[in-house]
Amino acid sequence: MFPGARPWLWCCRNVVSSGNNNAVCVGQAAEDKTAIMKKFRSVFRVRCATPQRHRASAIRAAASTLALCAAFAQAQDATPVEPLVVTATRIATAQDSLSSDTTVITAAQLAASNAQTLGEALASVPGVQFSRAGGQGQPASLYIRGANANQTLVLVDGLRIGSATLGGTSFDLLPLAMIDHIEILRGPASGLYGSDAVGGVVQIFTKRGKGTPHMYASVGYGTDRTTSETAGLASTSEDNRFSFDFSHKQSQGFNVTKPSSAFYYEDDRDGYKQTSGSFDIAHFFDASNELGVRGYWIQSDTAFDAGGSPVNPWTRETQTSLALYSRNQINSNWLSDLSIGQSHDQSHADALDYDTFLPYPSRFDTRQKQLNWSNTVTSSVGKWLLGLDYLDERISSTTNYTVDSRHTKAGLLGWQNDFGANHLQANLRVENNSQFGSQTTGNIGYLLHLNSQWQFTANAGTSFHAPTFNDLYFDCGYVCANPNLQAEKGRAFDLGLRWQAGGFNTSLVGFENRVRNLIVLDANNNYLPENLNEARIEGFTLATQGTLGGFDLAGSVTRQNPFDDATGHVLPRRAKILGEISVAQSVGQWRWNAAMNAAGRRFDDLANQNLMGGYAAFDLGLDYALSKTWKAGVRLNNAFDRDYELVRDYNIQGRAWFVTLSYDGAGL
């Protein structure tokens, strides 16, 4: 969004104010900062304003500030400013200054893509594989660098979401309309976030108010009588910021199961509908102190197949989140971020009792009360992160659990600094879990600027994944849980090269991840979960993106070997090779895009008996700008109507089209 076009605006909108009237332009080299600050102080003493609050003093100084920033940008416009990333270190840092392997997806990129769901959007990220048992709303999994689906931590605005009974997240439940941007961190991050961050972290940031009162809306219609409606309003005034948005989507769907799935198959359509709303309200006491509240509510009804008994079964998933947050610049060197909130995941289904073969309603609820306090302290030897986390998990269900709650207390320490062409980052986390006792994890990363175009990176870290309540305490009528399970523990490292030249960013990252105490279901003991094996994942990812001759190009390929170390079998549903490629071009008021997503053959089971073939699916898109505020678009997914499987015996959607009309502009 910012690089290239107006770098002076990026500079001036990212000045951090301080109590002693010193100022620093974020994202610039240290020697450049010093030169600019000398110029600032020689012209005026200014308390710089943030984008959310503009004071009269800052306005009077704006002309001089803009001139200085513009002069700096003119000398630097050959080097675009990278986006700031929070997830990698819990400190906002320029992406090209991090050793971590990260990807950022903006709202504009989401809108321009062919993705209809969050899972589909993440499927285009290098090193990420997406799997779903049928169409939208059906159970879905995400594999980062070949790790298990429940070994990926998912956050929304810093809060954990998902089910503590299943241990996963419903990726299709979060609507794209409420997302401002997404940060994906590949590699272990338990040293920052605790349990589950074995393969990586996905953090979704919801929309915030920006600028003058701003309205947006869209309507859409497509295959299987799919309809969608979105609307929102956002604004930032002198002292306040707010945003509200609403979305609704429904479809008749298609039959999710194949006849080969004899036990579950039904010859019918499995439709779905989803309604959501989110909000963010904040007040600025001054340029350095902010207090706000945000939250969302999402409800989804999805039909599934159960072999005709009960008839037309369905499941309702509801997810809510509410948080109070405060951001305070205590002094020139100390920034405090405090968040107190709760997420609630509910799954209610009209299902089948496999003992009596009679229908019954089932319910699984997870409540996670959370407190996160992060303090960033700037010193002469780098930036320090001091943090405290608290998590209270409670479940309730129609199924009996011997234990239905647990809590975690954690303290973390992080640090990062630049030494000439070298960047170092490290973090350590010590936490106490009421079930598993103490866990200590950490990460260390190193980046070397070889020259203006080449970078070398290295990262190493440890991680762990706590067993779910289902693994430990689920009562199924016989022995099917194991309260003696230990947490899975991982250690991983990666080495990478990055190259930036000619308008392209290219990276090559090799990785290895070993996970001990891997939780598996023992087929010789009534599928009892046990700590049996060690999983090992080895591979590399090559990715590039840039502009060539007016064409926006992006692509990646991942070669990996995720296998069970004891048997040598490939982990279920993970391909040894996967990749994607996309091309887009703007011609006047038109913009078109084409994308391909591909994966090699996979096995649907740990014993490697059920083979699924490889695939390559193609998507096409075309947008037309009717005016500055109105746009029409059409999407054609699976354009060549390929028939393949992401989960054995489950259908994927064939060729599907979707048209949209959207409005985006000032409305008050």
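All figures in this text were calculated on a predicted structure; none of them were measured in a lab.
Between Thr103 and Pro126 the shortest heavy-atom distance is OG1-CD, 4.2 Å. When every heavy atom of Pro467 is checked against every heavy atom of Phe436, the shortest pair comes out as CD-CZ, 3.2 Å. Closest non-hydrogen pair, Ile161 versus Gln368, comes out as C-NE2, 3.9 Å. Residue Ser131 comes nearest to Val647 through the heavy atom pair OG-CG2, 3.4 Å, listed as atom of the first residue, atom of the second, then distance. For the residue pair Tyr644 and Ala617, the shortest heavy atom distance occurs at OH-CB, 3.7 Å. Across Met178 and Ile298, no two heavy atoms sit closer than the pair SD-CD1, 4.0 Å.
Side chains of Thr302 and Gln136: no donor on one and acceptor on the other come within 3.5 Å. Under the 3.5 Å distance criterion, with hydrogens and angles disregarded, a donor-acceptor pair is assigned to the side chains of Asn459 and Ser99. Using modelled atom types and a 3.5 Å distance limit, the side chains of Glu431 and Ser438 yield no donor-acceptor pair. Ser300 and Gln274 share no side-chain donor-acceptor pair at under 3.5 Å. Side-chain contact, Asn433 with Thr408: a donor N or O sits under 3.5 Å from an acceptor N or O. Side-chain N/O atoms of His248 and Thr275 include a donor and acceptor closer than 3.5 Å. There is a side-chain donor-acceptor pair under 3.5 Å between Asp224 and Gln653. No donor-acceptor contact under 3.5 angstrom links the side chains of Ser100 and Thr102, judged on distance only. Looking at Ser261 and Asp649, their side chains never bring a donor and an acceptor atom within 3.5 Å of each other. Counted by atom type alone, Thr165 and Asn470 present zero donor-acceptor pairs between their side chains at under 3.5 Å. If you check the side chains of Ser247 and Thr230, you find no donor sitting under 3.5 Å from an acceptor.
Here the side chains of Ile204 and Leu174 are in contact, with some heavy-atom distance below 4.5 Å. Contact of the Gln95 side chain with the Leu84 side chain is not registered, since no non-hydrogen atoms from C-beta on lie closer than 4.5 Å. Inter-residue side-chain proximity for Val156 and Thr206 is flagged as met; some heavy-atom pair is nearer than 4.5 Å. Contact annotation: the side chain of Arg145 approaches that of Val509 to within less than 4.5 Å [non-hydrogen atoms, C-beta and beyond]. The shortest side-chain heavy-atom distance between Leu98 and Val85 falls under the 4.5 Å cut-off. With contacts defined as side-chain heavy-atom distances shorter than 4.5 Å, the pair Leu385/Asn375 does not qualify. Using a 4.5 Å cut-off on side-chain heavy atoms (C-beta onward), Leu472 and Val403 make no contact. Considering only heavy atoms from C-beta on, Ile182 stays 4.5 Å or farther from Val104 through its side chain.
In this structure, CG on Asp345 lies 11.5 Å from OG on Ser321, to the nearest 0.5 angstrom. For the atom pair Gln346 CD and Ser397 OG, the distance stands at 12.0 Å (nearest 0.5 Å). The CZ atom of Phe469 sits 14.0 Å away from atom OG1 of Thr399, with the distance rounded to the nearest 0.5 Å. The distance from the CD atom of Gln203 to the CD atom of Glu183 is 6.0 Å, given to the nearest 0.5 Å. Put simply, CZ on Arg186 and CD1 on Ile144 are 8.0 Å apart, with the number rounded to the nearest 0.5 Å. Summarising the geometry, atom CG belonging to Leu142 is positioned 7.5 Å from atom CZ belonging to Phe130; distances are rounded to the nearest 0.5 Å.
Aromatic ring centres of Phe246 and Phe244 lie farther apart than the 6.0 Å criterion allows.
The environment of CH2 in Trp373 is sparse: at most 12 heavy-atom neighbours from other residues, nucleotides or ligands sit within 6.0 Å.
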Give the C-alpha distance, both sets of side-chain angles, the deciding distance and a yes or no for salt bridge (Lys or Arg N to Asp or Glu O under 4.0 Å) between Glu229 and Lys249. CA-CA 7 Å; Glu229 304 86 28; Lys249 189 173 186 179; over 6 Å; no
Working note: Asp389 + Arg160, criterion salt bridge (Lys or Arg N to Asp or Glu O under 4.0 Å); need CA distance, chi angles, decisive distance, verdict. CA-CA 11 Å; Asp389 290 345; Arg160 286 173 172 262; over 6 Å; no
Test log, rule salt bridge (Lys or Arg N to Asp or Glu O under 4.0 Å), inputs Arg394 and Asp404: CA-CA 6 Å; Arg394 297 183 182 273; Asp404 60 7; 5.5 Å; no
Steps toward salt bridge (Lys or Arg N to Asp or Glu O under 4.0 Å) verdict (Asp365, Arg363): CA-CA 7 Å; Asp365 292 357; Arg363 177 178 56 83; 3.4 Å; yes
Chi angles and distances behind the side-chain hydrogen bond (donor to acceptor under 3.5 Å, both in side chains) call for Ser374, Asp337: CA-CA 5 Å; Ser374 297; Asp337 283 290; over 6 Å; no
Verify side chain to side chain contact (heavy atoms under 4.5 Å, CB included) between Leu322 and Phe279, making sure each step is shown before the conclusion. CA-CA 10 Å; Leu322 182 64; Phe279 72 94; 3.8 Å; yes
Run the side chain to side chain contact (heavy atoms under 4.5 Å, CB included) check on Lys489 and His465 step by step: do they pass? CA-CA 7 Å; Lys489 295 186 177 182; His465 167 68; over 6 Å; no
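Using a 4.0 Å cut-off between charged nitrogen and carboxylate oxygen, Asp280 and Lys207 do not count as a salt-bridge pair.
Formation of a donor-acceptor pair under 3.5 Å by the Thr558 side chain with backbone atoms of Thr541 is not found in this model. Side-chain N or O atoms of Asp619 include none that pairs as donor or acceptor with a backbone N or O of Asn114 at under 3.5 Å. Between the Asn531 side chain and the Asn517 main chain, a donor and an acceptor come within less than 3.5 Å of each other. Listed for the Ser190 side chain is a donor-acceptor partner under 3.5 Å among the backbone atoms of Phe464.
Among residues two or more places apart in sequence or in another chain, the side chain to side chain contact (heavy atoms under 4.5 Å, CB included) test is passed with Asp565 by Glu534, Arg536, Phe563. For His348, there are no ring-ring contact (aromatic ring centres under 6.0 Å, His included) partners, not counting sequence neighbours. Applying the side chain to side chain contact (heavy atoms under 4.5 Å, CB included) rule to Asn148 yields the partners Asn150, Gln151, Leu518, Leu571, Arg574; only residues at least two apart in sequence or on another chain are considered. Every residue was checked against the salt bridge (charged side-chain N to carboxylate O under 4.0 Å, His left out) condition with Asp471, not counting sequence neighbours, and none meets it. Residues satisfying the side chain to side chain contact (heavy atoms under 4.5 Å, CB included) criterion with Asp301, sequence neighbours excluded, are Lys273, Arg316. For Ala189, the side chain to side chain contact (heavy atoms under 4.5 Å, CB included) partners at least two apart in sequence or on another chain are Leu185, Tyr193, Ala197, Val201.
The cationic group of Arg294 lies under 6.0 Å from the six-membered ring centre of Tyr325 and within 45° of the ring axis, placing it in a cation-pi geometry.
Ring planes of Phe364 and Tyr401: perpendicular class, angle over 60° (limits at 30 and 60°).
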